[in-house]
Amino acid sequence: MVATHLDTESMHEHVVLRRGVRSGLPIVVAVHSTALGQAIGGCRVAQYPHWRDGLTDALRLAAAMSDKCALAGLPNGGGKTVVALPPGRALDAAARRAVLHDAGDVIAGLDGAYATGPDVGTGPDDMVTIAERTPHAFCRPVHAGGSGDSSGHTAVGVLATLRALCAERFGSADLSARSFAVLGLGRVGGHVLRMLADAGATLVAADTDEGRRPLADTAGAAWVSPQDCLTADVDVLVPAALGGLFTPHTVPTLRCAAIAGPANNQLDTPVTADLLHQHGILWAPDIVVSAGGIIHATAVELHRETSAQATARVHGIADTLTDILRTARATGSTPAAAARARARHHVDDDERLEPHERP
Ligand code: PHE
C-alpha cells in the first residue's frame with residue numbers, strides 16, 4: 001500500500017478550528033496522521049499577525065510531527081495545537097487558564113486520537129491545566145504524574161546529533177575542536193548552550209530577549225545580535241528559536257559549514273534544502289534533531305520505561321542521523337530527501353502489518 005500520509009502536502013485527517021468559549025481566542029488542533037498510532041505534538045501559544053497564520057503554522061507543524069515520529073521509530077502520528085494570540089496580546093494567569101481549558105476541551109473531543117505536550121509558549125505546569133479537561137497531555141511535572149519537562153531531553157538529543165554531524169562533516173565527533181552559533185536561548189537552546197560549553201566548544205550565542213545574556217556570559221559564549229548569529233563564521237549553526245529561518249534570501253548570507261538544531265520547521269519551504277545543499281552547507285533535518293523530547297516522554301509515560309532506558313533511546317537519534325547523512329552522501333541527495341524517504345518507508349512497512357503486529 002502506498003502511504004501518502006507523510007507528504008507534508010497531504011491532507012490532514014482532522015482539523016478543529018474553534019473560538020474558545022472561555023477565552024474567545026482562536027484555537028487550532030490539527031491531527032495530521034494516526035496511521036502509526038495516536039497523533040502527538042505540542043501546544044504552542046504564540047502571537048500571529050492573523051489567526052489564519054496560526055492555522056497555517058499548525059498544519060505545517062502537525063505534518064512535520066508525523067515525519068518526526070516515524071523517524072524516531074515511535075508508534076505515533078503527528079498533530080499540533082496552536083493558540084493564535086493577536087499581536088501584542090499577553091496572557092495573564094486567568095486568561096491563560098481559560099485558553100488552556102478551551103484547548104483541553106477541543107483535545108478531549110478527539111477521543112484520544114491526539115495527545116498534546118509542551119511547546120513554544122507552554123510548559124509542564126500548563127499541561128496540568130490542560131489535564132483538568134483531558135487526560136491526553138504529556139510532560140506534566142513528575143509530582144503531578146507526568147515525565148516532567150522535556151526540554152533537557154530534547155537538548156540531550158541535540159548534543160548527540162551534533163556529535164554525529166561533526167563526525168560526518170569534519171571527520172571527528174569531538175565538540176571541543178569546533179565552533180557553534182546557538183540562535184535562541186529558550187528552554188532547549190539554553191540547555192544546549194550549557195552542554196556545548198561543558199564539552200569545551202567555542203561559542204557564539206544570541207536571543208531576541210536581552211535578559212538571556214547572562215546565560216551566554218556564564219557559558220563563555222560571545223553575545224551577538226540574532227542577525228550576526230545567523231551569519232556567524234562558525235563550523236555549526238544551531239537554530240533553537242522559531243522556524244522559517246532559512247529562505248532563498250538568508251541562505252546566501254550564511255557562513256557556517258553545517259546546521260543542526262531543535263527549532264521546528266527551519267526551512268521556509270522544502271526546496272530550501274536543495275539550496276543549502278548547493279551552498280555546500282550540511283543541514284541535519286530538524287525533525288530528526290529535535291525528537292529527544294517526544295522519545296523520552298512517550299518511553300516513560302506510554303511504555304513505562306525507566307528514565308535511563310528512555311535516555312538511551314534519545315541517544316539513538318544520533319545513529320538515525322548518521323544513517324540519513326550517509327544515505328544522502330551515497331545517493332547524492334539532500335539529507336532532507338533521505339529523511340523523508342526513510343519516514344515514508346517506515347509507514348509503508350507498518351501499514352503492511354496487522355494492527356496487533358505493529359510496534
Ligand atoms: N514540543 C514537543 C514536540 O512537539 C511536544 C511534545 C513533547 C509532545 C512530548 C509530546 C510529548 O515535539
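We count ligands from 1, going down the list as the structure has it; atoms in each ligand are counted the same way. Just so it is clear, the model here is predicted, and its values are computed rather than measured. Values below: all heavy atoms of this structure, side chains included; hydrogens, waters and symmetry mates excluded.
Within ligand 1, the atoms closer than 4.0 Å to a non-hydrogen atom of A297 are 9 (C), 11 (C), numbered from 1 in the order shown.
At a threshold of 4.0 Å, the pair R213-D207 does not count as salt-bridged, since none of the basic side-chain nitrogens sits closer than that to a carboxylate oxygen. Contact check on R133 versus D102 returns no salt bridge, with no Lys/Arg side-chain nitrogen under 4.0 Å from an Asp/Glu carboxylate oxygen.
Looking from atom 4 (O) of ligand 1 to the surrounding protein, the closest heavy atom is K80 NZ, 2.9 Å. Considering only non-hydrogen protein atoms, atom 7 (C) of ligand 1 sits nearest to I294 CG2, 3.9 Å. For atom 12 (O) of ligand 1, the closest non-hydrogen atom of the protein is K68 NZ, 2.9 Å. Scanning the protein for heavy atoms near atom 5 (C) of ligand 1, the closest one is P118 O, 3.0 Å. For atom 11 (C) of ligand 1, the closest heavy atom belonging to the protein is F138 CB, 3.6 Å.
Close N/O approach between S150 and ligand 1 is not found [any backbone or side-chain N/O within under 3.5 Å]. Taking only nitrogen or oxygen atoms, main chain and side chain alike, G42 reaches within less than 3.5 Å of ligand 1.
At a heavy-atom distance under 4.0 Å, only side-chain atoms of C139, from C-beta outward, approach ligand 1.
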(message) Run the side chain to side chain contact (heavy atoms under 4.5 Å, CB included) test on R340 and D67 for me, step by step, so that the C-alpha distance in whole Å, both residues' side-chain angles and the decisive distance to 0.1 Å come before the verdict.
(response) CA-CA 7 Å; R340 247 189 330 267; D67 282 351; 4.1 Å; yes

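By the 30° and 60° cut-offs, the orientation of the rings of H32 relative to H12 is perpendicular.
When the shell of 6.0 Å around CZ of R96 is examined, it contains more than 12 heavy atoms from other residues, nucleotides or ligands. More than 12 heavy atoms of other shown residues, nucleotides or ligands fall within 6.0 angstrom of atom CZ in R255.
V288 and I259 are assigned to two separate hydrophobic clusters, defined by single-linkage of ILVMFWY side chains at heavy-atom distances under 4.5 Å.
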